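Because the structure is a prediction, the values reported are computed rather than measured. Chain letters run A, B, ... following the sequence lines, proteins first, then strands; residues in each count from 1.
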Amino acid sequence: MDFQKVIALATRRGIFQPAFDAYGGLAGFMDYGPVGVKMRRRILEVWRKHYVINAGCLELDGALVGPEALFQASGHLGEFDDALVDCADCGKQFRADHLIKGGEEMSRDALAEAISGTACPGCGSILSEMSSFNLMFSTKVGAGKGLSGYLRPETAQSIFLAFPWLLRQNRSKLPFAGAQIGRSFRNEISPRQGPLRMREFTQMEVEHFFLPNDEPKLPTSLESIEINLVPAKGKKNSTTIGNALRTGIIGSSLVATHLARAQNFLTGIGVAKDNLRFRQHGANEMAHYSSDCWDGEINTSLGWVEVVGVAHRGDYDLSAHGNFSSKEFRVPLPGTEREREVWVPNIGKLGKEFKGEAKSILEAIKDVDVKPDISIEVNGNSVTLSEEYMSKKTERGSEMVFPYVVEPSFGLDRILYCLLESSWKNDGEREWISLPQETSPYDLLVAPLMTKDGLDGKAQGILQSALDMGVDAYYDEAGSIGRRYARADEIGIFFSMTIDHQTLEDGTVTLRERDSKNQSRLSIEDALSKVRR
RNA sequence: GCAGGCGUGGUCUAGUCUGGUAUGACUAGGGGUUUCCAACCCCUCAACCUGGGUUCAAAUCCCGGCGCCUGCACCA
């Protein structure tokens with residue numbers, strides 16, 4: 001199954017198509033159709049079951065537009081921004097920081113200076129002035145000049161900003177994780193390959209917060225999970241998660257935990273384990289925030305496609321927001337509780353005695369440990385403060401630290417594409433999508449063998465009872481029964497139920513299983529309860 | 001963003017060189033027939049990416065735009 005065929009299937013069967021087709025299309029944007037929306041819903045349901053319901057992540061649904069300050073703090077305005085130069089003669093375009101030695105460490109201004117007058121590596125002409133291209137979509141918030149705002153380039157920042165709030169919801173206990181499903185936007189220079197590189201896409205992200213000295217251990221239930229690893233240094237190998245952690249291939253127990261969970265999730269929705277690997281980023285591939293990162297990749301006709309990134313972000317994000325914003329993002333570090341006697345200046349007395357100079361004195365002792373008979377320099381004079389100008393106080397507190405975070409971040413659109421491609425089967429006689437029932441768009445096809453003798457009416461009655469009990473059923477009475485099976489197979493409907501004359505006599509139906517084509521004769525009730533998820 | 005290739009019903013496609021009624025198949029819809037895996041028969045819907053130019057006449061030739069594919073560059 002190659003890329004073009006998946007795209008054709010997607011259009012034909014209402015899964016997805018390019019958006020704004022009537023106006024010539026707009027690269028990087030897709031619309032999902034009736035079947036595609038159902039598949040997405042199913043994948044999201046499984047994901048929520050894994051992360052929100054079973055793993056207890058706190059779910060959030062954050063705003064899409066954010067203020068400029070947020071993205072200054074997060075680093076996206078600086079780091080997400082490419083400095084470009086192009087050549088007027090040969091038309092080639094380059095990243096400025098790639099042309100200058102050490103350019104990746106330079107400031108913008110230094111880079112602009114260094115690049116000026118540089119020759120084009122392609123043709124030797126002098127390059128244009130440096131311009132910058134930011135991958136975020138910008139907008140104005142409010143009337144008039146308005147505030148600069150940006151569409152979020154990742155859902156993660158919402159969770160980081162909500163950290164103090166979520167922490168209270170979790171009754172101030174660490175570790176905990178926030179989870180979010182939502183759209184993100186990146187103004188890609190050259191989006192291509194349909195659902196694989198989009199300008200608007202859906203992410204499913206978890207931010208797992210923990211104290212630096214108390215990283216969650218790998219649960220024993222995950223230790224023996226087999227996983228394909230491609231470390232940045234060293235050989236590709238298949239081993240257990242527990243072993244990879246013990247031997248240091250994976251450096252962090254929480255990263256290991258999330259690699260295992262990501263694999264469990266992906267195989268649960270129908271990705272074959274042999275088609276799945278986790279590849280570690282090399283140092284130069286790493287994002288600005290990340291200290292260790294593994295990409296979960298699925299093997300497709302287009303090569304290995306990244307569908308999930310598991311990144312150890314350290315305290316990069318929380319400390320950025322803690323330092324830039326007015327909120328406290330730190331937490332007390334357990335075990336560092338302390339109680340000590342400190343001297344504090346008696347401001348009332350200082351004021352009375354020193355009048356106008358009191359302010360300068362207070363300024364001078366602001367950042368020093370005060371104790372009796374301390375000598376300080378004030379306006380060129382040495383002043384000694386005796387015990388009468390201060391008093392003793394008991395100070396309680398803990399060392400405050402920014403929690404660390406490990407982040408698994410899934411791309412829904414890519415996952416759906418990979419699933420379609422890999423679950424497409426063709427045995428020469430028929431073509432079908434072999435998804436597990438959890439992610440099939442429908443549970444059941446209800447089909448009367450013929451549309452006469454009341455078979456269709458009976459079938460519609462059964463359809464209604466199926467829908468009433470929560471079975472996602474699809475009704476089809478057009479064409480031969482074989483054609484209807486074929487149609488159902490092509491969108492991956494898991495079971496088919498056929499109503500014939502015998503149904504009218506004894507209330508039994510034929511139930512067909514999609515992958516095996518096996519049929520069995522069951523009572524309507526038994527069939528429906530078998531089909532129910 | 002650059003270079004090359006491409007753009008015809010829902011899908012696949014003929015026609016483009018050499019300008020003149022747009023081909024066929026599949027799918028889909030309606031009807032008939034039919035007792036379980038794309039059966040058959042009749043009918044029907046449905047397309048030249050877009051804007052300009054050349055011409056009596058443009059799907060076809062020329063120019064621009066948009067989109068798709070490939071390569072380069074980019075891709076937290």
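- Every residue two or more places apart in sequence or in another chain was checked for a side chain to side chain donor-acceptor pair (under 3.5 Å) with A:Trp47, and none qualifies.
- In this structure, A:Gln203 contributes its side chain and A:Ser409 its backbone to no donor-acceptor pair below 3.5 Å.
- Across the strands present, B:C48 finds no partner; the criterion is a Watson-Crick or G-U wobble pair with both atom distances under 3.5 angstrom.
- Scored by the side chain to side chain donor-acceptor pair (under 3.5 Å) test, A:Thr257 finds no partners at all (sequence neighbours excluded).
- A salt bridge does not link A:Asp295 with A:Arg277: every distance from a Lys NZ or Arg NE/NH1/NH2 to an Asp or Glu carboxylate oxygen is 4.0 Å or more.
- Taking atom C1' on both B:U8 and B:A14, the two are 10 Å apart, rounded to the nearest angstrom.
- A gap of 12 Å separates the P atoms of B:A47 and B:U11, to the nearest Å.
- Rounded to a whole Å, the CG atom of A:Asn187 is 14 Å from the P atom of B:C75.
- The separation between A:Arg12 atom CZ and B:G9 atom C1' is 15 Å, rounded to whole Å.
- If you take CG of A:Leu302 and C1' of B:C75, they are 15 Å apart, rounded to a whole angstrom.
- Ion pairing of A:Glu205 with A:Arg152 is absent here, as no side-chain N (NZ or NE/NH1/NH2) approaches a carboxylate O to less than 4.0 Å.
- In this entry the distance linking CG of A:Leu135 with P of B:G1 reads 14 Å, nearest Å.
- B:U34 and B:C48 have their C1' atoms separated by 39 Å, with the value rounded to a whole Å.
- With rounding to whole Å, A:Asp2 atom CG is found 14 Å from B:C68 atom C1'.
- One can place CD of A:Gln4 at 12 Å from C1' of B:G7, the figure rounded to the nearest angstrom.
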- Query: Base, backbone or nothing for each nucleotide of nucleotides 29-37 of chain B, written B, S, -, heavy atoms under 4.0 angstrom, 5' to 3'?
  - Reply: -----BBBB
N/O contacts under 3.5 Å, protein versus nucleotides 45-50 of chain B?
none

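- With a 3.5 Å ceiling on both atom-pair distances, B:U23 lacks any Watson-Crick or G-U wobble partner.
- When Watson-Crick and G-U wobble pairs are counted only if both distances are under 3.5 Å, B:C17 pairs with no nucleotide at all.
- Between A:Phe137 and A:Phe29, the angle of the ring planes lies from 30° to 60°, which puts this pair in the tilted group.
- Across the interface with RNA chain B, nearest-nucleotide mapping of A:Asp295 and A:Gln193 shows A:Gln193 to be the residue nearer the 5′ end.
- Pairing for B:U54 is absent, judged as Watson-Crick or G-U wobble with the two contacts each under 3.5 Å.
- In the interface, the side chain of A:Arg192 is not paired with the base of B:G67 through any donor and acceptor atom under 3.5 Å apart.
- In this structure A:Phe160 satisfies the ring-ring contact (aromatic ring centres under 6.0 Å, His included) test with no other residue, sequence neighbours excluded.
- The residues A:Arg484 and A:Asp476 are annotated as not salt-bridged, no charged nitrogen and carboxylate oxygen being separated by less than 4.0 angstrom.
- Spacing between B:A73 and B:G15 at atom C1', rounded to whole Å, works out to 38 Å.
- Between A:Glu429 and A:Lys517 there is a salt bridge, since at least one side-chain N of the basic residue sits less than 4.0 Å from a carboxylate O of the acidic one.
- Rounded to the nearest Å, the gap between the C1' atom of B:G20 and that of B:C37 is 48 Å.
- Summarising the geometry, the separation between OH on A:Tyr23 and P on B:G51 is reported as 12 Å, rounded to the nearest angstrom.
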I'd like a table of donor-acceptor pairs (distance under 3.5 Å, sequence neighbours excluded) in which one partner is a side-chain atom from residues 499-511 of chain A, with atom names and distances.
unit_1, atom_1, unit_2, atom_2, d
A:Asp500, OD1, A:Gln502, N, 3.1
A:Asp500, OD1, A:Thr503, N, 3.2
A:Asp500, OD1, A:Thr503, OG1, 3.2
A:Asp500, OD1, A:Arg521, NH2, 2.9
A:Asp500, OD2, A:Arg521, NH1, 2.9
A:His501, NE2, A:Asp453, OD2, 2.8
A:Gln502, NE2, A:Asp506, OD2, 3.0
A:Thr503, OG1, A:Asp500, N, 2.9
A:Thr503, OG1, A:Asp500, O, 3.1
A:Thr503, OG1, A:Thr508, O, 2.8
A:Asp506, OD1, A:Thr508, N, 3.0
A:Asp506, OD1, A:Thr508, OG1, 2.8
A:Thr508, OG1, A:Arg521, NE, 2.8
A:Thr508, OG1, A:Arg521, NH2, 3.1
A:Thr510, OG1, A:Arg521, NH1, 3.3

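- Checked against A:Leu259 for a side chain to side chain contact (heavy atoms under 4.5 Å, CB included), the options A:Val310, A:Val308, A:Leu254, A:Val406 give a single hit: A:Val310.
- B:C17 and B:C74 have their C1' atoms separated by 38 Å, given to the nearest Å.
- As rounded to the nearest Å, B:A57 and B:A22 have C1' atoms that lie 16 Å from one another.
- Atom C1' of B:U16 sits at a distance of 24 Å from the matching atom of B:G10, rounded to the whole Å.
- Between the CD atom of A:Gln17 and the C1' atom of B:G9 there is a distance of 15 Å, given to the nearest Å.
- In this structure, B:G71 forms a base pair with B:C2, meeting either the Watson-Crick or the G-U wobble geometry with both donor-acceptor distances under 3.5 Å.
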